[in-house]
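Working notes for the structure below.
Counting starts at 1 for both ligands and their atoms, following the listed order.
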Amino acid sequence: MEIETEATLARLTTIGTGGPAAAFARPESVSELEAAIAWAAKRGLEIRTVGLGSNLLAADGGVDALVLRLAGDLAAVEVDGELLRAGGGATNAVCLHRARDAGLGGLEFACAIPGTAGGGVRMNAGAYGSDWSAIVVRALVVSSEGSGWLTPAELGLEYRHSLVRPDQVVARVEYELSPRPVGEIKKKVAELVARRKATQPTNKRTFGSVFKNPPGELGAGRMLELCGLKGHAIGGAVVSPRHANFIENAGGATSADCLALVREARRRAREQFGAELEHEVVLLGALSV
Ligand SMILES: Cc1cc2nc3c(=O)[nH]c(=O)nc-3n(C[C@H](O)[C@H](O)[C@H](O)COP(=O)(O)OP(=O)(O)OC[C@H]3O[C@@H](n4cnc5c(N)ncnc54)[C@H](O)[C@@H]3O)c2cc1C
């Protein structure tokens, strides 16, 4: 496994911003992952894992860590009866594809979530009334303290939250699915993808939802729309004209531009609605809102 020193987070995140990683590696097996963790520990470097970088905002000044993106066996997918075994780096698209081909339903809700199995666990990602906690049986978590399989209760999966620490790597995930006719799965996925396209900026560079939905009836998107933020731009970052809980990279955006928009949105939500919006996007490196 090669340890690279030229990787930049802008190429590892869907928003396309972020500076260099101190070091970068793509471990392909649990033993390579353990070797990478030991390599970093020897140098006093932290470990950070990226999936598809679809809910990440990384510091423009870079990230002082060994950044990992799981590959090879740690991104592979296999079906075993009603169990789908995925590497932490396996994309949701591939998992869904394999499940559908095996006539297994349960992952359809993830069809418009552009992440990985490990990122899904860490975020307890979800949509359309379901989330990772509904399908995960257990996950293999690896860190400098060792490795072990954790149950959903041990993973602490709650609304867009888990107990997975920043230095822990979700290396494998097992999902329990249930038999469903392939035609029904295809129909459901087509319906959900169409709903997405109608309401969200699916063809733009974003990092997904900026904020978690606050308690109550009014979602973050609608609240920010009522604050007049749609189309509001700072530098190359713009609040999506389609959905106000998304920030688009309109060209040449920096993470600082995005953060300035995040702060402005929080300020307006506080002033106009008395709401303290909590950001869903994960900040990587020396960043704070
Ligand atoms: C267009 C768009 C639509 C989206 N829609 C949704 C949606 O409907 N619902 C939803 O919940 N999210 C949505 N998201 C956000 C995002 O896709 C999810 O949070 C996804 O689960 C993140 O997965 P990832 O692998 O890309 O993680 P990343 O964005 O790379 O990382 C997110 C966090 O997970 C950690 N992480 C990633 N992989 C691992 C691993 N193997 N082990 C340990 N930690 C890890 C990272 O360190 C970071 O803390 C959307 C994003 C976009 C761009």
For [X], is at least one N or O under 3.5 Å away from an N or O on ligand 1?
| X | result |
| --- | --- |
| Gly51 | yes |
| Gly126 | yes |
| Asn124 | no |
| Thr14 | no |

Looking at [Y], is its backbone amide N or carbonyl O close enough to the side chain of [X] to form a donor-acceptor pair, meaning the two atoms are under 3.5 Å apart?
| X | Y | answer |
| --- | --- | --- |
| Thr116 | Ala90 | no |
| Asp167 | Glu46 | no |
| Thr254 | Asp257 | yes |
| Arg195 | Ala190 | no |
| Asp131 | Asn124 | no |
| Arg98 | Val77 | yes |
| Ser133 | Glu158 | no |

Electrostatic pair [X]-[Y], nearest N-O below 4.0 angstrom:
| X | Y | value |
| --- | --- | --- |
| Arg138 | Glu176 | no |
| Glu32 | Arg26 | no |
| Glu271 | Arg268 | no |
| Asp64 | Arg48 | no |
| Glu280 | Lys212 | no |

Within the 4.0 Å heavy-atom shell around [X], which atoms of ligand 1 are there?
| X | value |
| --- | --- |
| Leu52 | 24 (P), 25 (O), 26 (O), 30 (O) |
| Met123 | 19 (O), 32 (C), 33 (C) |
| Ala127 | 8 (O) |
| Gly115 | 23 (O), 24 (P), 25 (O), 26 (O) |
| Arg160 | 11 (O) |
| Gly120 | 21 (O) |
| Val169 | 42 (N), 43 (C) |
| Arg122 | 33 (C), 34 (O), 35 (C), 44 (N), 49 (O) |

Protein heavy-atom partner closest to [atom] - residue, atom, separation in Å:
| atom | answer |
| --- | --- |
| atom 27 (O) of ligand 1 | Gly119 CA, 3.7 Å |
| atom 25 (O) of ligand 1 | Thr116 OG1, 2.6 Å |
| atom 17 (O) of ligand 1 | Ser54 OG, 2.7 Å |
| atom 29 (O) of ligand 1 | Asn55 N, 2.7 Å |
| atom 1 (C) of ligand 1 | Thr206 OG1, 3.9 Å |
| atom 4 (C) of ligand 1 | Pro114 CD, 3.7 Å |
| atom 41 (N) of ligand 1 | Val170 O, 3.0 Å |
| atom 49 (O) of ligand 1 | Val282 CG1, 3.3 Å |

Worksheet item: For atom 39 (C) of ligand 1, which candidate among Leu57, Asn203, Thr49 holds the nearest heavy atom?
Response: Thr49
Worksheet item: Of the listed options (Ser143, Gly53, Ala90), which comes nearest to atom 28 (P) of ligand 1 when hydrogens are ignored and any heavy atom counts?
Response: Gly53
Item to complete: Quick one: look at Leu70 and ligand 1, take heavy-atom pairs under 4.0 Å, and tell me if it's side chain, backbone, both or neither.
Response: side chain
Item to complete: Heavy-atom distances under 4.0 Å are what count here, so tell me which part of Arg165 touches ligand 1: side chain, backbone, both or neither.
Response: neither
Worksheet entry | From CA spacing to verdict: side chain to side chain donor-acceptor pair (under 3.5 Å), Glu248, Ser240 | CA-CA 6 Å; Glu248 298 174 4; Ser240 172; 2.9 Å; yes
Worksheet entry | Test item, Gln168 contacting ligand 1 (heavy atom, 4.0 angstrom) | yes
Worksheet item: Are any of the heavy atoms in Ile113 under 4.0 Å away from ligand 1?
Response: yes
Worksheet item: Applying the side-chain hydrogen bond (donor to acceptor under 3.5 Å, both in side chains) test to Glu108, which of Lys187, Arg180, Lys188 qualifies?
Response: Arg180
Worksheet, complete the sentence: When every non-hydrogen atom of Ala269 is compared with those of Leu224, the smallest separation belongs to CB-CD2, 4.4 Å
